[in-house]
Trainee: 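Encoded as structure tokens, here's the structure I'll be asking about.
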Amino acid sequence: MKTFILASLLVVAVGGSLTKLSSEFQAFKLKHGKTYSSQVEETTRFAIYSANVKEIEDHNDLYARGLVSYDLAVNQFADWSKEEFKAYLNLHKKPAALIATSATRYEKKGLAVESSIDWREQGYVTPVKDQKQCGSCWAFSLTGTLEGALYKKTSQLTSLSEQQLVDCTTDINLGCSGGFMEKTFPYIAKNGIESEADYPYTAKDGACKYEASQVVTKIDDYFYSYGDEGALLEMVSSVGPISVALDATYIQFYNSGIFSNSKCTTWNLNHGVLIVGYGSENDEDYWIVKNSWGTLWGESGYLRIRRGTNECGISEDDSYPVIN
């Protein structure tokens with residue numbers, strides 16, 4: 001009799017848990033505008049969602065016990081498998097042809113740097129954008145550093161066009177299937193870039209609609225740095241927002257805190273982002289990184305990641321433009 005009662009209670013508990021999870025899944029779909037083509041896909045996505053929620057809860061238990069430095073949360077990627085998320089992160093390789101361009105390598109100068117800086121507070125950074133399901137992170141990383149350089153020159157903050165770069169640099173990049181940051185700077189030096197307002201984002205590949213008469217700015221030069229986090233610190237402190245690449249494999253559900261993950265590589269640079277500053281919290285140094293996955297991801301669209309250890313290869317592929 002006791003065994004029967006315990007078994008019954010277990011069934012009720014499991015059933016109640018599944019009902020709660022199912023209700024949360026419906027709310028998740030509504031919040032993120034998720035629709036599925038069939039009941040089979042719905043069932044598959046619910047199974048993926050359930051497994052991801054379990055992973056998030058297990059990690060956050062470690063966070064609550066002070067064993068990890070960041071927490072996780074359900075976000076727009078919660079019904080994606082790890083394989084789907086990795087496919088979304090388009091591989092960003094160091095361009096071998098870079099040395100043949102007119103780029104200048106930034107050499108560490110021993111400059112005095114600020115103890116902390118946040119270029120958002122000084123007007124250099126546009127609101128967080130959303131690349132959606134287009135693999136155009138490279139274009140958002142580029143426009144971010146361009147917007148900062150333009151603000152430095154004009155004191156006017158203008159949102160620049162990622163879609164122009166997606167549509168019009170197909171001889172260099174693969175549009176929504178990935179691209180490079182440094183290798184695209186010569187295109188901008190030659191042709192210039194339009195504003196977001198004049199050439200709006202569509203989140204899909206399209207025909208080039210470039211209009212020279214609508215160009216907001218060109219660039220005069222650009223600098224790059226590989227493998228030197230000290231040089232990156234000088235660049236961010238003295239220049240403004242810097243375009244960087246990193247291994248984003250493990251930030252799928254990042255919510256808040258200072259990200260650090262021993263599984264992160266320094267070579268699988270699969271995501272382009274923008275460093276907009278740096279600081280310290282509880283003696284832990286961090287970079288402030290602007291992402292392009294909307295404001296519902298991370299710290300209102302931002303990531304704080306450990307500084308000083310080349311976390312996720314953040315100092316391996318960094319660059320910025322100059323507008324005279």
Side-chain angles (χ1 to χ4, degrees), residues 1-90 127-135 137 176 203-204 247-264 270-271 289 291-305 312:
M1 184 65 179
K2 288 182 179 179
T3 302
F4 174 76
I5 292 172
L6 288 173
S8 298
L9 289 173
L10 180 61
V11 169
V12 170
V14 171
S17 178
L18 284 174
T19 299
K20 179 175 181 292
L21 195 59
S22 178
S23 177
E24 290 172 350
F25 182 61
Q26 297 306 316
F28 159 80
K29 291 195 302 176
L30 185 62
K31 180 177 181 178
H32 296 286
K34 301 279 186 172
T35 57
Y36 306 120
S37 61
S38 66
Q39 186 58 48
V40 171
E41 185 185 4
E42 174 106 9
T43 301
T44 299
R45 291 296 163 190
F46 178 65
I48 294 171
Y49 174 88
S50 300
N52 285 333
V53 168
K54 177 66 164 56
E55 176 187 324
I56 290 167
E57 290 175 344
D58 289 347
H59 176 93
N60 287 348
D61 179 59
L62 297 177
Y63 178 75
R65 290 187 281 149
L67 299 178
V68 291
S69 57
Y70 64 99
D71 69 337
L72 305 178
V74 169
N75 57 31
Q76 67 264 44
F77 302 120
D79 62 342
W80 287 20
S81 68
K82 294 290 183 291
E83 292 71 24
E84 288 172 316
F85 185 69
K86 288 178 182 178
Y88 176 63
L89 299 171
N90 290 280
V128 170
K129 303 178 184 182
D130 189 352
Q131 68 186 77
K132 301 179 181 176
Q133 294 205 21
C134 171
C137 59
C176 284
K204 59 185 179 182
D247 179 358
T249 306
Y250 303 99
I251 66 171
Q252 183 174 358
F253 304 122
Y254 169 81
N255 183 57
S256 67
I258 300 174
F259 180 84
S260 176
N261 190 314
S262 61
K263 295 179 181 178
C264 231
N270 53 21
H271 189 46
V289 176
N291 204 352
S292 52
W293 295 342
T295 58
L296 296 180
W297 179 90
E299 296 184 333
S300 299
Y302 285 86
L303 163 74
R304 283 184 296 153
I305 187 169
C312 301

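None of the values given here were measured: they were computed from a predicted structure.
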Trainee: For the atom pair CD (Gln76) and NZ (Lys31), what is the distance rounded to the nearest 0.5 Å?
Mentor: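 Result: 9.5 Å between the selected atoms.
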
Trainee: Heavy-atom count around Lys132 NZ within 6.0 Å, excluding the residue itself: above 12?
Mentor: no

Trainee: Say you draw a straight line from CG of Leu303 to NE2 of His271; how long is it, rounded to the nearest 0.5 Å?
Mentor: 9.0 Å

Trainee: For Phe259 versus Cys312, what's the shortest heavy-atom pair and its separation?
Mentor: CE2-SG, 3.7 Å

Trainee: Under 3.5 Å, is there a donor on one side chain and an acceptor on the other for Gln131 and Tyr88?
Mentor: yes

Trainee: Do Phe25 and Glu42 come close enough that some side-chain heavy atom pair is under 4.5 Å?
Mentor: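 Of all side-chain heavy-atom pairs linking Glu42 with Phe25, at least one is under 4.5 Å.
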
Trainee: Are Glu84 and Arg45 close enough for a salt bridge, meaning some N to O gap below 4.0 Å?
Mentor: yes

Trainee: Between CD1 of Ile251 and CZ of Phe85, what distance do you get to the nearest 0.5 Å?
Mentor: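 Separation between the atoms: 5.5 Å.
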
Trainee: Do you know which two heavy atoms are closest between Phe253 and Ala78, and how far apart they sit?
Mentor: CE2-CA, 3.6 Å

Trainee: Looking at His59 and Tyr70, would you say the former's side chain and the latter's main chain have a donor-acceptor pair under 3.5 Å?
Mentor: yes

Trainee: For a quick test of reading the model, state the closest non-hydrogen atom pair linking Cys134 to Ala203 and the distance between them.
Mentor: CB-O, 3.4 Å

Trainee: Side-chain contact, heavy-atom cut-off 4.5 Å: Asn291 with Val128?
Mentor: no

Trainee: Taking everything shown except Lys82 itself, do over 12 heavy atoms lie less than 6.0 Å from its NZ?
Mentor: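 Yes.
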
Trainee: Nearest 0.5 Å, please: how far is CG in Leu89 from CD in Gln252?
Mentor: 8.5 Å

Trainee: Got Val53 and Glu57 here, is their nearest side-chain heavy-atom distance under 4.5 Å?
Mentor: yes

Trainee: Would the distance check show the side chain of Asn75 and the main-chain N or O of Trp297 forming a donor-acceptor pair, the cut-off being under 3.5 Å?
Mentor: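 It does not hold such a pair.
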
Trainee: Val74 vs Asn52, test: side chain to side chain contact (heavy atoms under 4.5 Å, CB included). Steps then yes/no.
Mentor: CA-CA 8 Å; Val74 169; Asn52 285 333; over 6 Å; no

Trainee: Can you check whether Asp71's main-chain N or O pairs, donor with acceptor, with Asn255's side chain at less than 3.5 Å?
Mentor: no

Trainee: State whether a side-chain donor-acceptor pair under 3.5 Å links Tyr36 with Asp79.
Mentor: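 The criterion, which ignores hydrogens and geometry beyond distance, is satisfied for Asp79 and Tyr36.
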
Trainee: Determine the interplanar angle of the Tyr49 and Phe28 rings, folded into 0 to 90°, and report it as parallel if under 30°, tilted if 30 to 60°, perpendicular if over 60°.
Mentor: tilted

Trainee: To the closest 0.5 Å, what do you measure between OG1 (Thr19) and CD (Glu24)?
Mentor: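 With rounding to 0.5 Å, OG1 (Thr19) is 11.0 Å from CD (Glu24).
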
Trainee: Side-chain contact, heavy-atom cut-off 4.5 Å: Leu62 with Val68?
Mentor: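 The answer is yes; the side chains approach within 4.5 Å.
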
Trainee: With the side chain counted from C-beta on, respond yes when Tyr254 and Ile305 share a heavy-atom pair under 4.5 Å apart, and no when they do not.
Mentor: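 With C-beta onward as the side chain, the pair stays apart.
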
Trainee: Using side-chain heavy atoms (C-beta onward) and a distance below 4.5 Å, is Ser38 in contact with Glu41?
Mentor: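 Side chain of Ser38 against side chain of Glu41, heavy atoms only: contact under 4.5 Å found.
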
Trainee: I'd like to know whether Lys86 forms a side chain to side chain contact (heavy atoms under 4.5 Å, CB included) with Asn270, so could you lay out the CA-CA distance, the side-chain angles of the two residues, the decisive distance to 0.1 Å, and finally the verdict.
Mentor: CA-CA 9 Å; Lys86 288 178 182 178; Asn270 53 21; over 6 Å; no

Trainee: Would you give the length of the straight line joining atom NZ of Lys129 to atom OG1 of Thr295, rounded to the nearest 0.5 angstrom?
Mentor: 14.0 Å

